**Q** 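Below are the structure tokens for one structure; questions will follow.
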Amino acid sequence: MRPEEARRLASDRLRSALSSRYGIEREVALTEPRLESFGDVSSRIALEAAGPAGAKPREIAEALASDAALPEDVFASISVEGPGYINLSFSLAHLCSVTSALASEGLVPMMVAAGSGRTALVEYVSSNPTGPLNIGHCRQAVLGEAVAGLLEATGWRVEREYYFNDAGRQSLLLGESLAARYAELHGDSHPVPEGGYRGEYLLWWARDLAGERGSALEWPADSGLFVDYARTRAMEMIKGDLAVLGVEFDRYFSESSLIPEAVGEALEALGRIETPSGPLIYEEPEGSGKLWARLTALGRPEDRVLLRENGVFTYRMPDIAYHLDKFGRGYDLMVDIFGSDHLDTSKDVVALLSALLGEEEVSRRLRVILHQFVTLVRDGRKVKMSTRAANFVTLRDLVEEAGSPDVTRYLFLTRRAEAQMDFDLELARRQSDDNPVYYVQYACARISGILRNALAEGLSPATGGASVAPLLAGADERSLMRLLEAVPVRTAAAAAALEPHRLTEILHDLAVSFHGFYQRVRVVDRDEPEVSRARLMLCSACRNTMRDLLGILGVEAPERM
RNA sequence: GCGCCCGUAGCUCAGCUGGAUAGAGCAGCGGACUUCUAAUCCGCAGGCCUCGCGUUCGAAUCGCGACGGGCGUACCA
């Protein structure tokens with residue numbers, strides 16, 4: 001029986017006991033208790049039901065425990081502890097059968113597939129093509145990958161998408177910044193424009209451009225060429241940076257592909273909407289051609305311009321068209337991952353989408369994850385960063401300094417998205433020995449070593465399922481199996497919450513338990529081949545589970561270290 | 001000013017749909033390698049969970065208010 005099914009069964013039995021004994025209809029939640037001595041799963045239902053039932057919590061708990069009639073092959077015991085907790089213990093046979101399945105099939109088949117073939121689109125990074133990716137994009141790339149991986153592991157069909165703005169003022173500014181560097185090469189002075197980009201990479205591009213096209217180009221006569229060239233190179237650069245992290249998208253979606261048709265249609269649709277305070281879209285000043293969205297009528301603090309007087313859309317407008325496009329593609333779930341600086345925009349876009357498609361539709365299909373910023377710490381001091389001034393640490397630098405994509409990914413994923421975090425460069429660099437990712441990877445490598453050695457002696461993991469339970473009756477074995485059994489449930493919960501950082505906790509728990517087990521229990525024992533094979537099965541389950549969890553996060557599970 | 005996120009051990013952070021003695025890593029101190037990888041293990045020490053008020057049988061967790069930090073508050077993205 002899969003772990004989620006075992007919990008469902010216990011929950012249902014307790015619920016019907018509660019119903020028939022007290023006439024209370026209520027879902028019974030089961031939690032993973034904090035301490036192993038509290039059992040394997042636990043319920044507080046008796047404390048919650050005490051009021052409505054008009055009875056003492058302990059009394060209720062005793063009654064439910066005796067009425068529950070749980071199958072003995074799955075549950076070994078049910079007991080009442082403390083103020084009225086109902087604590088359940090799994091049978092060794094159940095733990096062993098799950099362990100066996102993990103050893104032979106890995107983690108994913110052990111989960112009840114919540115997605116079951118439905119489709120999801122995860123949008124992340126979406127940095128505009130103006131320069132290399134920075135440390136913030138790095139956090140986002142890592143997060144997006146992990147969210148996508150988590151959804152895939154729970155049965156969703158996932159697409160990864162990168163949306164970029166290439167039609168706005170920033171593209172123009174980048175083009176002119178390139179033109180300035182280009183002019184500089186040929187001794188002409190053309191200052192980098194106000195608010196322009198000063199990164200050294202523009203100088204390299206200028207040289208390449210001069211090599212291809214000679215020295216006759218001029219700004220603004222050849223502005224289109226400069227802009228196109230800069231954008232192309234920037235996109236190449238970004239893809240290169242992503243490759244350093246091992247990130248690849250299924251689709252790169254450009255803002256300009258929405259202009260003018262999709263954006264026009266979106267604007268028209270918005271224009272048909274009436275709010276209690278008047279039309280959603282209005283012109284102001286009269287006759288100027290400038291169009292505003294009446295966001296205040298949708299509960300937002302300010303109205304916003306969607307179309308400027310000069311006929312150019314503001315960035316919110318293509319954003320809406322882009323989201324409409326995504327909704328139109330029929331995904332069951334869309335996840336947007338943004339930095340916290342996008343909060344306001346994102347809320348405006350969600351409000352306008354809700355006006356177009358209905359609030360229920362939007363909140364059901366669209367989820368926005370806003371992550372907080374990363375503060376870079378170098379020499380114990382916080383580093384100020386600015387993309388345009390180009391005094392920032394790039395994703396590439398970061399991965400190189402941290403030593404590997406694995407370290408970078410794992411470090412970012414140990415914190416939840418909405419927590420600000422400090423990234424200490426010195427720490428990342430020197431953490432080669434006591435970095436949390438190595439701790440986990442080392443456990444995998446250790447197990448691989450054991451399995452290799454055992455195989456060389458002709459011993460392979462047992463495949464008997466629950467039947468080998470008597471051979472794994474030790475306390476260390478049970479602790480590890482108990483943890484393994486809960487992994488599918490914890491992973492599913494992490495997926496439902498879109499919180500990949502929880503997987504690093506699971507991984508850490510598993511590694512701690514395994515290292516302890518390894519220290520105290522000899523796996524391969526020539527005198528006890530059957531016991532050895534049972535233990536090898538446990539090791540294999542542990543390795544597979546960690547490998548699969550690491551895989552979701554995009555981190556390697558090495559065979560040797 | 002307003003909106004959102006955050007404030008937990010010396011440092012970096014988990015725990016937050018209220019519940020059983022508040023956890024981890026790093027840093028500190030003390031131990032364990034003739035044994036499948038010591039990138040490991042075992043032990044010690046370290047906390048008015050920012051503060052105050054409230055809701056509750058019960059609050060790190062929920063509400064309100066301070067204080068502190070971050071982000072936003074563009075006709076930039």
Side-chain angles (χ1 to χ4, degrees), chain A residues 29 31 33-35 37-38 42 44 47-48 50-51 57 81-85 87 126-128 130 164-171 173 195 255 290-292 300-302 304-310 312-316 318-319 338-347 370-373 375 377 380 387-388 411 414-424 427 431-443 445-454 456-457 459 497 501-502 504-505 508-509 511-512 514-525 532 535-536 539 560-561:
Chain A
T31 57
R34 197 164 45 78
L35 300 178
S37 58
F38 296 156
S42 171
R44 299 191 294 260
L47 286 92
E48 291 164 13
E81 307 285 345
Y85 294 96
N87 294 343
S126 292
S127 168
N128 294 333
T130 57
F164 61 98
N165 294 89
D166 58 346
R169 218 172 63 87
Q170 295 306 325
S171 290
L173 212 49
E255 176 193 16
K290 186 196 281 191
L291 296 182
W292 294 72
R300 298 289 305 146
E302 285 174 70
R304 302 285 182 185
V305 174
L306 293 184
L307 182 63
R308 299 188 197 95
E309 243 169 307
N310 63 8
V312 177
F313 292 108
T314 64
Y315 58 88
R316 278 179 177 78
D319 243 32
F338 299 131
S340 61
D341 55 337
H342 280 64
L343 176 78
D344 243 56
T345 313
S346 170
K347 287 204 161 182
L370 286 161
H371 71 267
Q372 295 295 308
F373 276 40
T375 310
V377 177
T387 302
R388 294 183 204 165
L411 243 40
T414 53
R415 284 93 167 102
R416 47 196 229 294
E418 56 274 20
Q420 289 164 230
M421 65 177 286
D422 286 354
F423 199 103
D424 188 324
L427 209 67
Q431 249 178 355
S432 57
D433 274 19
D434 41 27
N435 189 296
V437 69
Y438 293 125
Y439 181 79
V440 170
Q441 289 183 318
Y442 184 57
R446 252 187 166 173
I447 296 173
S448 297
I450 295 169
L451 293 169
R452 270 195 306 272
N453 292 337
E457 299 198 24
L459 284 171
H501 77 274
R502 298 195 202 177
T504 60
E505 270 192 86
H508 181 257
D509 290 347
V512 168
F514 175 75
H515 284 309
F517 164 81
Y518 174 88
Q519 203 76 18
R520 289 181 291 271
V521 178
R522 173 83 202 179
V523 176
V524 176
D525 181 349
S532 299
R535 288 179 180 154
L536 285 168
C539 288
R560 298 167 203 272
M561 280 174 80

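This is a predicted model, so every value here is computed, not measured. Every chain is numbered from 1, with letters handed out A, B, ... down the list of sequences.
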**Q** Would you kindly check if the NZ (Lys) or CZ (Arg) of A:Arg446 is within the cone defined by 45 degrees around the ring axis of A:Tyr518 and under 6.0 Å from the six-membered ring centre?
**A**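 Satisfied, under 6.0 Å and within 45°.
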**Q** Taking only the P atom of each, what is the distance from B:C64 to B:G46 in whole angstrom?
**A**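 It comes out at 36 Å once rounded to the nearest Å.
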**Q** Taking the P atom of each, how far is B:A60 from B:U17, in whole Å?
**A**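 It works out to 14 Å between them.
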**Q** Would B:C4 be called syn or anti, given that syn covers angles within 90° of 0?
**A**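 Anti, angle beyond 90° from zero.
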**Q** May I ask you to verify whether the side chain of A:Thr414 and the base of B:A14 hold a donor-acceptor pair under 3.5 Å?
**A**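 Absent.
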**Q** Do the ring planes of A:His342 and A:Phe338 sit parallel (below 30°), tilted (30 to 60°) or perpendicular (above 60°)?
**A**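 The arrangement is parallel - the two ring planes meet at less than 30°.
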**Q** Distance criterion of 3.5 Å, no angle test: do you see the side chain of A:Asn87 paired donor-to-acceptor with the base of B:A20?
**A**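 Such a pair exists between side chain and base.
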**Q** Is a donor-acceptor pair below 3.5 Å formed from side chain A:Glu505 to base B:G15, judging by atom type as modelled?
**A**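 Such a pair does not exist between side chain and base.
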**Q** Base, sugar-phosphate, or nothing for A:His501, non-hydrogen atoms under 4.0 angstrom?
**A**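 Since only primed, P, OP1 and OP2 atoms lie under 4.0 Å of A:His501, the category is sugar-phosphate.
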**Q** Hey, does A:Ala445 reach any base, or is it just sugar-phosphate, or nothing, if we go heavy atoms under 4.0 Å?
**A**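 If one applies the 4.0 Å heavy-atom cut-off, A:Ala445 turns out to touch a base.
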**Q** When the distance from CZ of A:Arg304 to P of B:U73 is rounded to whole Å, what number comes out?
**A**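 Atom-to-atom, A:Arg304 to B:U73, this comes out as 8 Å.
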**Q** Compare side-chain N and O positions of A:Arg446 against OP1 and OP2 of B:A39 and report whether any pair is under 4.0 Å apart.
**A**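 Negative; the distance criterion is not met.
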**Q** Tell me whether the OP1 or OP2 atom of B:C41 has a side-chain N or O from A:Tyr439 closer than 4.0 Å.
**A**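 Answer is yes, contact under 4.0 Å.
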**Q** So which of A:Val523, A:Ile450, A:Leu459 actually passes side chain to side chain contact (heavy atoms under 4.5 Å, CB included) with A:Arg535?
**A**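 For A:Arg535, the side chain to side chain contact (heavy atoms under 4.5 Å, CB included) check succeeds only for A:Val523.
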**Q** Could you check whether A:Ser127 gets within reach of a base, just the sugar-phosphate, or nothing at all, counting any heavy atom under 4.0 Å?
**A**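 No contact at all - A:Ser127 keeps every heavy atom at 4.0 Å or more from the nucleic acid.
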**Q** On a whole-Å scale, what distance lies between the C1' atoms belonging to B:A59 and B:G54?
**A**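 Pairwise C1' distance, B:A59 against B:G54, rounds to 11 Å.
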**Q** Distance check, P atoms only: B:C62 and B:G25, in whole angstrom units.
**A**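 It works out to 26 Å between them.
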**Q** Specify the separation, in whole Å, of atom CZ of A:Arg415 and atom P of B:G70.
**A**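 Nearest whole value for this atom pair: 19 Å.
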**Q** Reckon A:Val440 touches a base, only the sugar-phosphate, or nothing at all at heavy-atom distances under 4.0 Å?
**A**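 Nothing, no heavy atom under 4.0 Å.
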**Q** For A:Asp344 and B:G3, what is the distance between atoms CG and P respectively, to the nearest whole Å?
**A**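 Distance, rounded to whole Å: 12 Å.
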**Q** Please determine, for B:C53, whether a Watson-Crick or G-U wobble partner exists with both distances under 3.5 Å, and give it or none.
**A**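 For B:C53, the partner nucleotide comes out as B:G63, under the 3.5 Å rule.
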**Q** Give a yes/no on whether any side-chain N or O of A:Tyr438 is located under 4.0 angstrom from OP1 or OP2 of B:U40.
**A**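 Checking B:U40 against A:Tyr438, no side-chain N or O comes under 4.0 Å of OP1 or OP2.
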**Q** Classify the nucleic acid contact of A:Leu451 as base, sugar-phosphate or nothing, counting any heavy atom under 4.0 Å across all strands shown.
**A**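 Nothing, no nucleic acid heavy atom in range.
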**Q** Taking atom C1' in both B:C67 and B:U50, compute the distance separating them and give it to the nearest angstrom.
**A**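 Nearest-Å result for B:C67 against B:U50 at atom C1': 8 Å.
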**Q** Looking only at heavy atoms, which two atoms of A:Ser127 and A:Phe164 are closest? And how far apart?
**A**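 What the structure gives for the nearest pair is O-CB, 3.9 Å.
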**Q** With heavy atoms under 4.0 Å as the rule, sort A:Ser126 into base, sugar-phosphate or nothing.
**A**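 It contacts nothing in the nucleic acid.
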**Q** Do any side-chain nitrogens or oxygens of A:Arg416 fall under 4.0 Å of OP1 or OP2 in B:C6?
**A**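 The answer is yes; a side-chain N or O of A:Arg416 sits under 4.0 Å from OP1 or OP2.
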**Q** Could you give the distance separating B:C42 and B:C33 at their P atoms, to the nearest angstrom?
**A**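 Roughly 15 Å separates the two P atoms.
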**Q** For a quick check of understanding: with a heavy-atom distance under 4.0 Å over all strands, which category does A:Glu418 fall into, base, sugar-phosphate or nothing?
**A**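 Counting heavy atoms under 4.0 Å across all strands, the contact made by A:Glu418 is with sugar-phosphate only.
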**Q** Applying the 5.5 Å / 30° rule, does A:Phe38 stack onto the base of B:A20?
**A**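 It does: the two rings, one from A:Phe38 and one from B:A20, meet the stacking criterion.
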**Q** Between B:G23 and B:G15, how far is it from one P atom to the other, in whole Å?
**A**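 Pairwise P distance, B:G23 against B:G15, rounds to 15 Å.
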**Q** Looking only at side-chain atoms of A:Arg520, point me to the closest of B:A38, B:A22, B:C41.
**A**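 Between B:A38, B:A22, B:C41, the one nearest the side chain of A:Arg520 would be B:C41.
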**Q** Once you apply a heavy-atom cut-off of 4.0 Å, does A:Asp166 come out as touching a base, just sugar-phosphate, or nothing?
**A**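 Since no nucleic acid heavy atom lies under 4.0 Å of A:Asp166, the category is nothing.
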**Q** What is the distance, rounded to the nearest whole Å, between atom CZ of A:Arg560 and atom C1' of B:C36?
**A**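 Spelled out: CZ on A:Arg560 to C1' on B:C36 is 14 Å.
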**Q** Using a 4.0 Å heavy-atom cut-off across all strands, classify A:Glu302 as base, sugar-phosphate, or nothing.
**A**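 Sugar-phosphate: the residue A:Glu302, judged by heavy atoms under 4.0 Å, touches backbone atoms but no base.
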**Q** What is the distance, to the nearest angstrom, from the CD atom on A:Gln372 to the P atom on B:G72?
**A**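 Result: 10 Å.
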**Q** Given the P atoms of B:U12 and B:A22, what is the spacing between them in whole Å?
**A**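 My reading of the P atoms in B:U12 and B:A22 gives 23 Å.
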